[in-house]
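The figures that follow rest on heavy atoms only: side chains count, while hydrogens, waters and symmetry mates do not. Note that the numbering runs from 1 along the sequence shown for the chain.
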Amino acid sequence: MATPYLKNSLLRGRWALWFALANALLSALISLRFLAPIDFNGNVVSVTYVASYWVAHFSVLGMGAWLVGLLPLAFLLPQSALYRSLMAVLLFLVQFVLLIDTFVFLHYRFHFNRFILDLIINDTEGQIFTFSTNVWLLAGVFALTLLAVELAFSQWLWKRIRSRQKFAFSRSLFIFCLMVTLTVHVGHVWADANAYQAVTNYSKLLPLSHPTTAYKMMKKYGFADPEAYAQRDSMKVENGTNTLKYPNAPLLCQPEDRPLNVVLIVIDSWRADTLAADVTPHIFDFAGGGSHFQKHFSGSNSTRAGIFSLFYGLPGHYWLAMKDSQTPPVLVTELLKQRYQFGVFASARLDNPRFNQTVFKPISDLRLNSPGKKTWERDANLTRDWLQWFTNERDPNRPFFGFLFYDSPHGFSFPPDYSKPFEPSWEQVNQMLLTDDFDATPFFNRYKNAVHYTDSLVAQVLKQLKETGHLDDTVILITGDHGEEFNDNKQGFWGHNGNFSPVQVQVPMVVYWPERAGLQTYDHLTSHYDVAPTLLQDVLGCSADPVGYSVGSNLYSEQGRHNWLLVASYSRYAILENERITEVDALGNFSVYDQTYSPLPEGTLNHEVMLKAVQDTTRFFHK
């Protein structure tokens, strides 16, 4: 009994080895999509490294999958047909996830990760990720085709394995992959120790990539460049594990005798150039009676860090520390201290990302989301509920702080019967069709229609404030959390989170201030970091220097401003200067681009600016 069992198990194991390696080759081919946006700038070393690492990475994954998973199961599952079918389904799932990851990477330039998985798991109502019927159909066709290929190939390979003892090229293939793998990892050890970016810039290009490093050993034997390594290490994204001291000093606030109310209206994915008479007629008209900051930027290209920067006046580097310690922004704590009543109405959920544990942590009975299946329905409902709260539930004897967070532009959503002012307008959003050659006009028009619809809802809020006489005692700020790109720069970027070009980080900022009524335009550089200091100083009477709680300053002050801006995302950040953008990844590697996100191969670090930026990301951490 043992001999036939062992013989069949070994046969299944040999089949599994070649099945795993064939799937590794398929993964390598699918992963060529990761190269689409990469510009090697003619650097032979970079091209050679990436090509070699491709071989090393997928051969190691193939062998690892075989040793850890497929081979043990060959002995545990005695039914060969069942075993082959299960392995085909398993590796089909792996390949399908990889295929999805290529779409994620091409749009956002990062891989499917723990954060995205957390969003998907908690996005039970489809508020963050919305896909049309066409997208689901195409995904289904891809999946069925891929599964059929896996099953057919597994059957064909089984016949070949049973008919021959070994493949003639087995030993040569093994030696080649082994030598390439050793060479690549040794090369990366040297490149990492010397901060040689022609190699290290591409070390995270592939998913599950973990190239070898050995800086201490290389330094010990004189093969490292400590100065270059220390410089790169200083630019790494702060992980938020250090002791937090926020704020650094008391706010020193003296409440006003007649406090102003505050209404903050944020429109998700609202890019700067769509504050226009034809796209947002009501907000545009309203801006004519207030302050318009024409060079205003979010603190991020993402919602999480964008909203974070708006309330905290800090870059997204501090998100984890604030979330883990559940430390709210001083703006919110001071508003509560001065007895402000909060009316928080958001379309998307406030517990994903965890704004309920950060920005709005002290707010009791926090409304986490708005009812409605479609984004436009939730936006309509939040407007209705705000109007009702303002009329019937608000305490007229207390000042109020209103926060309205609209989501329709993010979901490209508006009612089916809404009169679309921009045509041709895409009937259904299909992200799978978005390539460098795709005509963005219908997609951009759909987005502008969604912005136009949101403007009609904001108009109801503004009308109520006017009719109730509260324009005389209320500061109103209308802005976006980040921008939205439609391949504007012809670099293959769509949406947000992908880069830090102006179309993804520049947003409108309209401020109506009773004491400053009348059109005023400002063209000095401002950002979301400036909102908290402005409200704390000019509304709440706080005299403390903003340096003790923010990296921003008063919106209306031009004094002491930098001519650059730090913006951050989940694992990357960038320095925006007049003529260039310096992007830094989680490892401290940097790349320099122009305003259209075309690489500047000869671009070097502005060390003075980088030093100040790094200080801003660590100012409230005490190691």
Checklist entry - Nearest heavy-atom pair of V262 and T474: which atoms, and what distance? => result N-CG2, 4.2 Å

Checklist entry - Should we say atom NZ of K204 is surrounded by more than 12 heavy atoms from elsewhere, each under 6.0 Å from it? => result yes

Item to check | Polar contact flag, side-chain donor to acceptor under 3.5 angstrom, Q464-Q460 | outcome: no

Item to check | Side chain N369, main chain L350, donor-acceptor under 3.5 Å | outcome: no

Checklist entry - Using the benzene-type ring in the case of Trp, are the ring centres of Y573 and H317 under 6.0 Å apart? => result yes

Next on the checklist: Please report whether the ring centroid of F308 lies less than 6.0 Å from that of F355.
Outcome noted: no

Checklist entry - Do other residues, nucleotides or ligands put more than 12 heavy atoms under 6.0 Å from D417 CG? => result yes

Next on the checklist: Strictly distance-based, threshold 3.5 Å: is any side-chain N or O of T327 a donor or acceptor partner for the main-chain N or O of K323?
Outcome noted: no

Checklist outcome for this item: Partner of V344 under side chain to side chain contact (heavy atoms under 4.5 Å, CB included), picked from N356, L366, L382, is L366

Checklist entry - With no hydrogens and no angle check, do the side chains of S300 and S302 hold a donor and an acceptor under 3.5 Å apart? => result yes

Next on the checklist: Between D530 and N554, do the side chains contain a donor N or O and an acceptor N or O under 3.5 Å apart?
Outcome noted: no

Checklist entry - Relative to each other, are the rings of W426 and F438 parallel, tilted or perpendicular (30° and 60° limits)? => result tilted

Checklist entry - Centres of the Y593 and F500 rings: under 6.0 Å? => result no

Checklist entry - Under 6.0 Å between ring centres, would you say that holds for F400 and H470? => result yes

Next on the checklist: Before we go on, tell me: are the rings of F403 and F342 under 6.0 Å apart, centre to centre?
Outcome noted: no

Next on the checklist: Which residues pass the ring pair (Phe, Tyr, Trp, His ring centres under 6.0 Å) test with F486, not counting sequence neighbours?
Outcome noted: F443, F444, Y447

Checklist entry - Between Q95 and S27, does any side-chain donor sit less than 3.5 Å from a side-chain acceptor? => result yes

Checklist entry - Is the side chain of N445 donor-acceptor paired with the backbone N or O of F422 at a distance under 3.5 Å, no angle test? => result no

Checklist entry - Within the distance-only criterion (no hydrogens, no angle test), does the side chain of E583 pair as donor or acceptor with the backbone N or O of R572 below 3.5 angstrom? => result no

Checklist entry - Quick one: does T375's side chain have a donor or acceptor within less than 3.5 Å of a partner on H410's backbone? => result no

Checklist outcome for this item: On a heavy-atom basis, the closest approach of P508 and W270 is CD-O, 3.3 Å

Checklist entry - Within 45° of the axis and under 6.0 Å from the centre of the six-membered ring of F414, does NZ or CZ of R446 qualify? => result yes

Checklist outcome for this item: Applying salt bridge (Lys or Arg N to Asp or Glu O under 4.0 Å) to D273 and not counting sequence neighbours gives R271

Checklist entry - If only atom types and distance count, is the side chain of S370 paired as donor or acceptor with the main-chain N or O of A346 below 3.5 Å? => result yes

Item to check | For R367, all residues meeting salt bridge (Lys or Arg N to Asp or Glu O under 4.0 Å), sequence neighbours excluded | outcome: D385

Checklist entry - Passes ring pair (Phe, Tyr, Trp, His ring centres under 6.0 Å), F293 versus Y556? Steps please. => result CA-CA 9 Å; F293 295 87; Y556 291 91; 5.3 Å; yes

Next on the checklist: Treating Y512 as the side-chain partner and L471 as the backbone partner, does any N or O pair qualify as donor plus acceptor under 3.5 Å?
Outcome noted: yes

Item to check | Backbone of G480 reached by a side-chain donor or acceptor of H528 within 3.5 Å | outcome: yes

Checklist entry - Among N301, T303, N497, which one satisfies side-chain hydrogen bond (donor to acceptor under 3.5 Å, both in side chains) with H482? => result T303

Checklist entry - Do S501 and Q506 have side chains that get closer than 4.5 Å, going by heavy atoms? => result no

Next on the checklist: With a 3.5 Å distance limit and no angle check, can you tell me whether Q520 reaches the backbone of R516 through a side-chain donor-acceptor pair?
Outcome noted: yes

Next on the checklist: Regarding N352 and R349, do their side chains bring together a donor and an acceptor under 3.5 Å, going by distance alone?
Outcome noted: no

Next on the checklist: Ignoring hydrogens and geometry beyond distance, is a side-chain donor-acceptor pair present between H496 and E484 at under 3.5 Å?
Outcome noted: yes

Checklist entry - Between the main-chain N or O of G306 and the side-chain N or O of S309, is there a donor-acceptor pair closer than 3.5 Å? => result yes

Next on the checklist: Can you confirm whether or not the ring centre of Y312 sits under 6.0 Å from the ring centre of Y549?
Outcome noted: no

Checklist entry - Do Y522 and H296 meet the criterion of a side-chain donor-acceptor pair at a distance under 3.5 Å? => result no

